[in-house]
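Notes for the one structure printed next.
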Amino acid sequence: MDTDYSAFSEEEIESLRNGVLGQEVAVGEIQSRLRQLWEGDETRTRASLINFAIYNEKLGGLLENSRMLSAITREQACRALLIMSIPGERRDVRAWITAHCHLANGHKTVCSEQIAFLLQGGRASTLRNIVFANLDSDLPLVFWWQGEFSENFEDRLYSVIDRLIFDSSSWSDPKRGFGVLLAARAERGTRFYMSDLAWARSHKLRAGLATRFEMPSARAQLKKLDTLRIRHGSAGAMPAAFVTAWAAKALDAKPRGVREGWILQRERAPDIAVVHEEGESPYLEQIELSGGDASFRVTCAGTRIEAVTEAPGCSNRQLRPGAPQDDADLLRSVLERAGDKSLYESLVPVVREMI
Amino acid sequence: MSSSENPFRERLLPRSRPRPCTLVIFGATGDLTHRKLIPGLYNLAQAGELPPQFKVVGFARREKSDEVFREGLEEANREHSRSGHEDAFWKDFAADIHYHESTFLDPTGYDGLKVLLDKLDEERGSPANRLFYLASAPDFFDDILLHLKESGLNEHQADGCWARCICEKPFGTDLASARHLNQVVNSTFQEEDTYRIDHYLGKETAQNIMVLRFANAIFEPLWNHKHVDHVQITCAEHLGMEGGRGGYYDQSGALRDMVQNHLLQLLSLVAMEAPSDLSADSVRDEKVKVMRSLRHWVGSEEVGANVVRAQYTAGSVGGTEAVGYREEDRVDPSSKTESYAALRIYIDTWRWDGVPFYVRVGKRLPKKATEISIHFKETPQVPFDTSELLGARNVLVIRIQPDEGISLRMLSKMPGTTLKMEPVKMDFHYSESFGKASPEAYERLLLDAMAGDATLFARRDEVENAWAFVDELEKAWHEAEQPPEMAEYPAGSWGPREADELLEQDGRVWRRL
C-alpha cells in the first residue's frame with residue numbers, strides 16, 4: 001500500500017516508517033490481517049478483558065497513545081482502538097495493526113491487539129462506524145475521549161460506551177464540558193459512567209488524607225479545623241476544585257464563594273477557609289487540613305506520599321504509595337479501580353458551580 | 001458532626017479498612033516470620049494497605065536488640081518480598097518493628113511484653129488493637145495462650161479496641177488434641193477473635209471458587225447430582241523431604257498434613273450451598289454443613305475400600321534420581337506414614353447424593369499442581385452418539401496453583417465434510433488476563449485478621465468436623481488389627497495402581513494433569 005504521510009510531521013513520519021503503529025492495512029481487511037498476526041505462532045497468546053478506545057483530534061496523538069498503550073497493556077489486556085480524527089477536505093480512513101506483547105510469569109508472551117485509525121475529514125458517522133465495526137464482542141467498552149468534546153461525541157456513540165474517561169483539567173471551558181457530560185448522562189439509554197482523570201489524579205492524596213482520620217483522637221479534631229490548604233501547579237486547579245468539593249461533603253459543609261476565594265461553611269463548627277498555594281509541579285502537590293493545634297497533611301514526595309498527622313495524642317508519619325508518575329501509570333490505576341463513581345458524580349454539580 | 005466514623009472514607013477505601021494495631025509474633029525468629037509474614041507486611045505497607053501507626057513486636061527467646069532483629073528481617077525481605085526491596089522504604093517500615101526477648105514459658109516475659117505494648121500505645125496516642133500471631137511450634141500454644149490470659153493481654157481495651165489471635169496450623173493432630181487446643185484458645189480469646197490460618201483459603205483461585213459458582217448464572221443450575229458425575233481434587237507435589245522436612249512430615253503424613261485442612265477446605269467451597277451473605281459466619285455456616293455431611297468411613301474394611309495410602313519408592317523426578325520415602329533424611333526407615341493418599345468421599349446431602357468426590361494428594365508426583373475438576377454427566381446419546389469418544393464429557397477445571405485459572409472442556413465438530421467431534425478446551429489464565437500480580441495468601445489473610453473479617457479462616461466446628469472424618473481413617477490405618485495395606489509408587493509417577501483401581505471400580509479414571 002502506498003503510504004500518504006501528508007497528515008504527519010517529520011518526526012511522526014519517521015516513527016511510522018519504523019513501524020511504531022505496526023503494519024498499515026486496508027480498513028476492509030483488518031479482521032483477516034489480525035487473524036494472520038496470530039496464525040502459526042503458538043508462543044504468543046492474545047488476551048483481552050476490555051475494548052479500550054482512545055480518541056483524539058490532535059496531530060501526533062496516535063503515536064503518543066500507542067507508546068502509552070504499550071505500558072498500559074502490561075497489566076490491562078485489551079483490544080485497543082486508537083483513533084485520531086483530523087479535519088480535511090479529503091475524506092479518508094487509514095488503519096494500522098500491531099500487538100503489544102509482554103512476558104507473563106516469565107515464560108509466555110501475552111499480547112493485546114491494537115488497531116490505529118487516522119480519520120481525515122472524519123465525521124461522527126465515520127467514527128461511530130469505525131468503533132462499532134472493530135469491537136471485540138461481549139467485552140465492555142472503555143472510551144477515553146482526549147481533549148474537548150466535539151460534535152463527534154454523539155448519542156449513538158456514547159450509548160454503547162460503558163465507561164467514559166476524560167480529563168476535565170484539559171478543557172478550556174470546563175462549564176461547557178460538564179454540561180455536555182451531564183446532558184449525555186441524562187439521556188435515556190446512556191449507561192456510561194464517568195472517569196475523570198482530574199479526579200483520579202487526586203486519589204492517592206485523598207486516600208492518604210483519609211487514613212489520617214482513622215484514629216478516634218484524630219477525628220476529635222474535625223470540629224476545630226479551619227483551613228484547607230491545597231498546593232498545586234497550573235494543571236491542578238480542577239483537581240483542587242474536586243478536592244475542595246470532596247472535603248466539603250465529608251465535613252458536612254457547603255462551599256461558598258467569598259471575595260478571597262472559597263470557604264466551606266459549616267453549621268456547628270468553624271468555617272474552613274480554602275487556601276490555594278502555587279506549587280512547582282503541574283498537578284496537586286499537597287493537601288492540608290488544619291485548625292487549633294492540629295494539622296493533617298499529605299504531600300507528594302518523589303515516588304511516595306508522605307502522610308503526616310500533628311495533633312495532640314495522635315502525631316505520626318506514614319509513607320504511602322505515590323501518585324501516578326505519568327499518564328500510563330494513571331490510566332492503569334483508573335482501569336483497575338471502579339469504586340468511587342457515584343461519589344464523583346455527586347461532586348460534579350458542586351464543582352460546576354465553583355468554576 | 002459525629003466523630004465515631006471517619007467521614008473521609010466514603011468510597012475511597014473500598015475494602016474493610018483495618019484499624020491501627022500492633023502485631024505480636026510469637027516465634028519471631030522462625031522461618032515463617034522471615035519468609036512470609038514480614039515480606040507480606042512489607043508488601044502491604046508498600047501498597048498503602050496497612051493501617052497508619054501499625055507496629056510489629058517480635059517475641060522470641062534468642063537474645064537480640066531491635067536493630068539486630070531488623071537486620072535479619074531486612075535480609076529475608078530482600079530475598080522473599082514479591083515487590084522487591086527498597087532501602088528507603090524499608091527504613092521507614094522497619095522503624096516500627098520491635099523485638100521482645102523471652103521464652104514462651106516465662107510469665108515475666110509477658111509482663112514485659114505488656115509494658116512494651118503499653119509504651120507503644122502511649123507513643124501512638126491512644127490504646128490500640130492487638131493481634132497475637134502464634135507462629136511458634138504448636139507445642140508452645142498452650143503456654144503462650146495461658147500466659148496471655150494471665151497477663152490480661154487477651155482482654156479488649158477501652159474505646160472498643162480489640163485483642164485477637166491468629167493460630168498457625170496444625171490445629172491439633174487429631175480430634176482430641178484439636179478440641180483441647182480449641183478449648184485453650186477459646187478460654188483466652190472468644191471464637192470471634194480467633195483466626196485459624198489455612199493459607200490455601202487466601203489464594204486468589206480458592207477465593208474465586210465462590211465467585212465462579214455464585215456470581216455466574218450458568219454454573220449453579222448444573223452444580224448438583226443431576227448433572228455432575230463426579231468431582232476430583234488433586235494436590236500433587238514434585239518435592240520430597242528436602243530441607244529437613246522429613247522430621248515433621250513423618251509424624252504427620254499426607255492425610256493430616258494436607259487433607260484434613262487444605263483439601264477439605266477446598267472441597268467444602270466446591271460443595272457448599274450459597275451463603276445468604278458474605279459475612280464470615282454465613283460463609284462458614286455453609287462450609288461446616290458440608291463437613292458435617294461427609295460420610296465417615298469406619299473400620300478397616302470400609303477404609304480399605306475407599307481410601308488408598310502409599311509411600312514412594314526410589315524413582316526419578318525432573319530428570320534426577322530420587323530415593324524412596326523411607327530412605328529420606330529424618331524419616332524413620334520403618335515408617336508407616338503415608339506420602340500419598342487417595343480418597344473416595346461422599347457428601348450426604350440432597351445436592352450431592354451419589355456423587356463421589358475423589359481426592360488425591362502426594363509427594364514426589366510428576367509435577368506440582370493443585371486442581372479441582374468438575375466432571376459432568378454424559379449427554380443423552382441422541383442425536384449425537386458420543387459413547388466411543390475419548391474425553392466426551394464436559395469438564396470444568398479450577399486450577400488453584402500454579403498457572404491459576406479455569407478451563408472448560410467441550411465437544412466441537414471438526415472441520416470437514418463428515419460429522420466428527422473432538423473435545424476442545426476453553427482456557428482462562430489469571431496471568432494472561434490480569435497482568436497485575438496477585439498478593440501472597442498471607443498478605444490477604446493478615447489484612448483480613450486486622451480488619452476483623454474471618455471469612456477466610458477456619459472456625460472451630462469446621463476444624464473439629466474435619467478431624468472427626470480424618471480420625472476414623474487414621475484409626476483404621478494405625479489401630480486396626482488388620483489395617484489396610486500400605487501401597488507403593490515409584491517417585492515421579494502419578495501414584496500407586498491401587499489409586500487408579502479406586503476409580504476404575506466406578507468406571508472412571510483420574511484426570512490427566
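Below, read A as the first sequence line, B as the second, and so on, with proteins coming before strands; counting in each chain starts at 1.
- In this structure, the separation between CZ on A:R320 and CG on B:L50 is 9.5 Å, given to the nearest 0.5 Å.
- The pair A:R304-B:E86 meets the salt-bridge criterion, since a charged nitrogen lies less than 4.0 angstrom from a carboxylate oxygen.
- Only the side chain of A:L289 comes within contact range of chain B, with heavy atoms under 4.5 Å apart.
- Considering only heavy-atom pairs separated by less than 4.5 Å from chain B, the leading option among A:S48, A:A77, A:P321 is A:P321.
- Of all heavy-atom pairs between B:P52 and A:R212, the closest is CB-NH2, 3.5 Å.
- Heavy atoms from other residues, nucleotides or ligands lying under 6.0 Å from CZ of A:R332 number more than 12.
- Closest of all the heavy-atom pairs between A:A247 and B:F8 is CA-CE2, 4.3 Å.
- For the side-chain contact (heavy atoms from CB on, under 4.5 Å) criterion with B:Q53, the lone passing option out of A:R317, A:M215, A:Q318, A:E214 is A:M215.
- Here the closest heavy-atom approach between residue B:P7 and residue A:A250 is recorded as CB-O, 3.2 Å.
- Contacts between A:L319 and chain B at a heavy-atom distance below 4.5 Å involve backbone atoms as well as side-chain atoms.
- The part of A:S315 that comes within reach of chain B is its backbone (N, CA, C, O), which places non-hydrogen atoms under 4.5 angstrom from that chain.
- Under a cut-off of 6.0 angstrom, the local environment of NZ in B:K413 is crowded, with over 12 non-hydrogen atoms contributed by other residues, nucleotides or ligands.
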